[in-house]
Asks: 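Right, I'll just put the structure down here and ask away after.
Convention: sequence-line order gives letters A, B, ...; per-chain numbering from 1. Keep in mind that what you see is a predicted model, and the values were worked out from it rather than measured. Scope of the values below: all heavy atoms of this structure, side chains included, with no hydrogens, waters or symmetry mates.
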Amino acid sequence: MQDKVVVKDLYKIFGPEPDRALELLDQGLSKEEIFEQTRTTVGVQKADFSIREGEVFVVMGLSGSGKSTLVRMLNRLIEPTRGQVIVDGVDITQMSKQELITMRRRSMSMVFQSFALMPHKSVGENAAFGLEVSGMPKAERRERALQALDTVGLAVNADSYPDELSGGMKQRVGLARALATDAPILLMDEAFSALDPLIRTEMQDELVRLQTTQAHTIVFISHDLDEAIRIGDRIAIMEGGAIVQIGTPEDIVTNPANDYVRSFFYGVDVSKVFSAGDIASDRAITVFERTGVNVRAALAQLHDRGHSLGIVIDSDRHYRGMVSVNSLADAGRDSEHPHWEDAFLKQIQPASADTELSEVLSQVTSNEFPVPIVDTEGRYRGIVDKTVLLQTLDKTT
Amino acid sequence: MTNDITDFEIPIGDWVAAGVDWIQTNLTGILDGISEVLALVIDSFEGLLQGIPPLILALFIVLLATWRVGWKFGLFAIAAMVLLFGMDIWTQTISTLGLVIASSLVALIIGIPIGITMARHDAFEAITRPILDFMQTMPPFVYLIPAAIFFGLGKVPGSIATLIFAMPPAVRLTNLGIRQVSAEHIEAGKAFGCTSSQLLFKVQLPLAMPSIMAGINQTIMLALSMVVIASMIGAGGLGNTVLTGIQRLDVGLGFEGGLGVVLLAILLDRITQSFGIAQRAGGPPSLITRIRRFFQRTPDSPGKG
């Protein structure tokens, strides 16, 4: 994937002495020390990252961590103090006023926490706002606005007014307004935080669905880890104006950079963060390649290792079946030259590696055997048993 | 040694008088220009109002009151019209109304742009604010003197004193309304690529409208009160009736004039206020909306009115 937005060494200093604050920052002073010396607040410091085309990039942090400031520097609603923001190869911090307006009209749109709809305009006119501002004729922009409203399921409300809509519907209008301009980049500032939990989840699903049909590059601000995990391809975690960690949700949950990052996971539903493939292991199991060993030899090996289960794969590592000490012994008793197939445990169904852990959970707990995990090609990845599952779920409590 | 240190003089009065003299001798052209434009505005409004047959104008006011405020207020308007005709002060009332509308209009044409400029430039606000305080706290009678000196007696100086006195609320509330537009709305405007004039006309002014309308209402009410005072320099109208009552110690006449002012004030206040309630929040729908709804026969259109 290509980089859509590249942020290089970006700083925002609020207050009377930005230059001095930058100097002190370069000397390695902390945000608090700088505030004491200069009465100047460091909003964002040394932000360095890139956002790939078509991904949902979530910026997370507590309030005051600089996440809103950071996202507002991407379209220069807030002027960066130092550094570059490169959108499609062009540094927007160097743009003239006119170029900036054109960039905002064409390349970036924004969704706000409290919706920021215009109360004097109808839903349709609100959705067409970006197009109206860029001078599109009325009939054309209405058509585009209706299309966008249709995408979010509100086309029938086009002639209502914002004060007649519920919060969730208002934010759909906010989203439609952002979609109508066809800008490839969407900035979403705590877009769903003002909605009640049920509607919030619904909107998150809607966004994920939207991404599958028309992929935008989305920068999403959130303070809610569940939300970040649900919608984010990658997550950046901010603390005190600095980005402390960037990675996929799995990365961040498994290898939190510090205690601040770890503190986000208290109470997070890990079974939704991890997929089955993430925790699959070869723990307490023997893997047999079917051509390399026969049924009787396998039984002997299991005895030697003290394992009760084995996985049978072929030379391409494709999963064939699972055997137990008992099934192997039974097969050996029934026939002089037992086939592997006779020893396979019948009730075992492998699960795909990208299955959410929450779905594997019931399979593992309701069954005395672990669940073998295979990738999309059918190759064996490992097993998930009760012990591994419990250890994973225990990680965050 | 005997002199007290507080015994000194700053001849502000002399300076002001000198300034007024200077203006009178050097700026006659400008003064005449202002005078002519104002006279034209006032005459056209008064002419228009006086030109309409009283009964039709009264009917129009009653209908306007009913439409904008409600049928109860419509009944009040009928009673008010009957009283005005009955006290035989219709002509004076209409003359006052014309003067109020003309002065307010000019006050708004000057005041609203000043308010907008204040909202957009902090430095300009810092300069303008004390001037507005000065204009509002200065006793209204004081405006009559220079107005009379520069423009003589009559409706023009009366309306000038009026518009200066009535302008501050329009300026203040326009400024305040624009400044109170939420940061997110401004950000939304900018994020979608508004130029600064688009931001003003498509976001700030529409969202500031309730506040601006409140300012307009205040300006009109202040104009009404000043127009009565301005009758002292010959502005005429209801103020003249009151003034005559005072001069003749005629309590009855004074009361009739006063009652006329009160009735006019209530009518103007309620009707202009009804425009201030945000048109999209529980206020009466606009006439165009009503007509559109009537033809569309929308089933959910409210049947109030």
Asks: Which pair of non-hydrogen atoms, one from A191(B) and one from N75(A), has the smallest distance, and what is that distance?
Replies: CB-ND2, 3.8 Å
Asks: What do you reckon, is CZ of F14(A) surrounded by more than 12 foreign heavy atoms closer than 6.0 Å?
Replies: yes
Asks: Please report the interatomic distance CG(D189(A)) to CD(E184(B)), rounded to the nearest 0.5 Å.
Replies: 6.5 Å
Asks: Near K12(A) NZ, under 6.0 Å, is it more than 12 heavy atoms from other residues, nucleotides or ligands?
Replies: yes
Asks: Is it the backbone or the side chain of L117(A) that comes under 4.5 Å from a heavy atom of chain B, or both, or neither?
Replies: backbone
Asks: Sort Q113(A) into side chain, backbone, both or neither according to what part of it lies under 4.5 angstrom from a heavy atom of chain B.
Replies: both
Asks: When rounded to the nearest 0.5 angstrom, what is the spacing between NE2 in H185(B) and CZ in F115(A)?
Replies: 10.5 Å
Asks: Specify the closest pair of heavy atoms between Q198(B) and V133(A), including all atoms of both residues, with the distance to one decimal.
Replies: NE2-O, 2.7 Å
Asks: Would you say CZ of F201(B) has more than 12 non-hydrogen atoms from neighbouring residues, nucleotides or ligands within 6.0 angstrom?
Replies: no
Asks: Which value, rounded to the nearest 0.5 Å, describes the distance between C194(B) atom SG and R105(A) atom CZ?
Replies: 7.5 Å
Asks: Within a 6.0 Å radius of atom CZ on R144(A), are there more than 12 heavy atoms belonging to other residues, nucleotides or ligands?
Replies: yes
Asks: To the nearest 0.5 Å, what is the distance between CE (M209(B)) and NE2 (H120(A))?
Replies: 9.0 Å
Asks: Is M110(A) close to chain B through its backbone or its side chain, or both, or neither, when contacts mean heavy atoms under 4.5 Å?
Replies: both
Asks: For S114(A), which atoms come within 4.5 Å of any heavy atom of chain B: side chain, backbone, both, or neither?
Replies: both
Asks: When you measure from the side chain of R104(A) to the backbone of F192(B), do you find a donor-acceptor pair of N or O atoms at a distance under 3.5 Å?
Replies: no
Asks: Is it true that, when you exclude Q84(A) itself, more than 12 heavy atoms of the residues, nucleotides or ligands shown sit nearer than 6.0 Å to its CD?
Replies: yes
Asks: Is it the side chain or the backbone of R177(A) that comes within 4.5 Å of chain B heavy atoms, both, or neither?
Replies: both
Asks: Under the criterion side-chain contact (heavy atoms from CB on, under 4.5 Å), I'd like the reasoning laid out for F112(A) against E187(B): C-alpha separation, chi angles, the key distance, then a yes or no.
Replies: CA-CA 9 Å; F112(A) 295 87; E187(B) 283 186 333; 3.6 Å; yes
